[in-house]
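As the structure is a computational prediction, the values presented were derived from the model and not from experiment.
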Amino acid sequence: MDEAIKAYIREHEEELIATRRKLHSEPELSWEEENTTVFLCEQLEQLGIPYRRTKPTGVIAEIKGGKPGKTVALRGDMDALTVQEMNQDLAYKSKFNGKMHACGHDAHTSMLLFAAKALLQVKDEIAGSVRLLFQPAEEVAQGAKEMMKQGAMDGVDNVFGIHIWSQTPTKKIVCNPGPAFAAADIFKVEFTGRGGHGAIPQDTIDAAVVASSFVMNVQTVVSRTIDPLHPAVLTIGKMDVGTRFNVIAENAVIEGTVRTFDSETRDHIERELEHYANTVASLYGATAKVTYNRGTDPVINGEDSALLVQKVAKEAFGEDVVHDQKPTMGGEDFGFFLDQAPGSFALVGCGNAEKDTQWAHHHGRFNIDEDALKTGAELYAQYAWAYLNQ
């Protein structure tokens with residue numbers, strides 16, 4: 001831990017909070033983060049930190065230390081969601097109807113920016129380089145891949161990210177070795193039968209019956225074909241079938257998501273979805289088409305990196321700061337960065353019922369306990385310092 005980093009973050013906490021509030025009031029959706037990108041470029045320009053814009057949005061910057069060494073990347077995402085803000089009493093509430101920072105990316109961007117400012121104070125003592133990845137489009141699981149295409153991870157030895165987390169108490173930090181976030185995939189099953197009059201069912205193949213049979217049976221893919229020690233979730237989220245009360249449906253479309261932590265289970269579910277759909281369709285004389293799109297890769301924290309996060313956190317904030325928490329089946333495209341270099345992804349708690357910040361992510365009343373901002377900003381900077389100077 002470096003005391004100068006801690007002192008800088010503490011001395012500039014009000015500015016950090018003000019920056020987060022500005023970004024919160026001006027949310028921009030995935031691939032639309034133009035004003036946020038311009039704001040960051042202006043900040044980096046003033047700080048004298050070399051940077052380049054990525055296309056269409058996003059920024060890659062780099063702080064080169066005074067001594068040779070490795071390169072560690074710090075990532076903060078910056079896109080908002082199509083959520084209507086319900087916190088109408090906030091002075092910094094969203095200015096745009098239907099758009100809101102309902103997942104905390106405004107906090108991530110602000111924390112990473114101030115981590116960069118703190119690291120500049122000790123730049124000459126850094127052995128290596130700190131790459132700053134201000135990432136767009138995390139919410140659509142596309143931003144990490146696009147930034148990597150544009151060189152974000154070239155030459156990177158280690159990568160670290162943070163997610164503010166309302167389900168964890170403020171100032172607590174979670175970073176366990178192993179699985180943290182699941183792979184998140186999307187599938188669609190299209191059944192085609194033979195439509196007809198509701199009074200003449202013998203001349204039809206009812207797509208509603210086919211689709212219903214599939215929905216009722218497909219959960220056995222998880223419950224009866226997968227090792228219970230390998231967590232998996234298969235959710236049917238949407239079913240579209242039929243056009244009228246007295247017309248037997250010819251077509252049915254089902255959409256859902258699959259969440260897994262390991263590639264073997266992921267591959268197995270993809271194969272079984274195809275098998276179940278075709279088998280059920282064949283049973284009724286219908287046909288099936290399955291489309292399976294892989295979304296985010298799982299976030300699997302490397303042991304060395306996760307233990308370093310815990311060590312840094314304890315030294316910076318006290319022995320009791322490290323919080324044990326189970327992995328989530330939520331998705332995060334930070335996993336794509338971990339496919340390229342070892343590293344880890346930490347959760348920084350911001351939940352506080354007394355400040356009404358315990359609401360779930362993506363909810364219209366989501367907000368953060370701003371005491372967590374200085375914790376996150378310092379953790380970013382102290383991790384980079386510790387990794388490069390260990």
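Taking SG of C350 as the start and CD1 of I164 as the end, the distance is 5.0 Å to the nearest 0.5 Å.
Aromatic ring centres of F181 and W165 lie closer together than 6.0 Å. Aromatic pair F366/H362: centroids not less than 6.0 angstrom apart.
Ring orientation note: the planes of Y292 and F187 are close to parallel, at an angle under 30° on the 30°/60° scale.
Using a distance-only test at 3.5 Å, with no hydrogens or angles considered, a donor-acceptor pair links the side chain of K6 to the main chain of A316.
Using a 4.0 Å cut-off between charged side-chain N and carboxylate O, K355 and E370 make no salt bridge. Under 4.0 Å is where a charged nitrogen must lie from a carboxylate oxygen, and between D240 and K238 no such pair does. Ionic pairing of R266 and D297 is present here: one or more N-O contacts between side-chain nitrogen and carboxylate oxygen are shorter than 4.0 angstrom. Residues K22 and E26 are paired through a salt bridge, judged by an N-O separation under 4.0 Å between the basic side chain and the carboxylate.
Closest non-hydrogen pair, T257 versus D185, comes out as OG1-O, 2.7 Å. Among all heavy-atom pairs drawn from R75 and L112, the shortest one is C-CD2, 4.0 Å.
Note on I368 and V174: separate hydrophobic clusters, where clusters join Ile, Leu, Val, Met, Phe, Trp and Tyr whose side-chain heavy atoms are under 4.5 Å apart, directly or indirectly.
A donor-acceptor contact closer than 3.5 angstrom is absent between the side chains of S344 and Y383.
Heavy-atom contacts from other residues, nucleotides or ligands closer than 6.0 Å to CD of E264 number 12 or fewer. By the neighbour-count criterion of 12 heavy atoms within 6.0 Å, atom CD of Q88 is densely surrounded, having more than that number from other residues, nucleotides or ligands.
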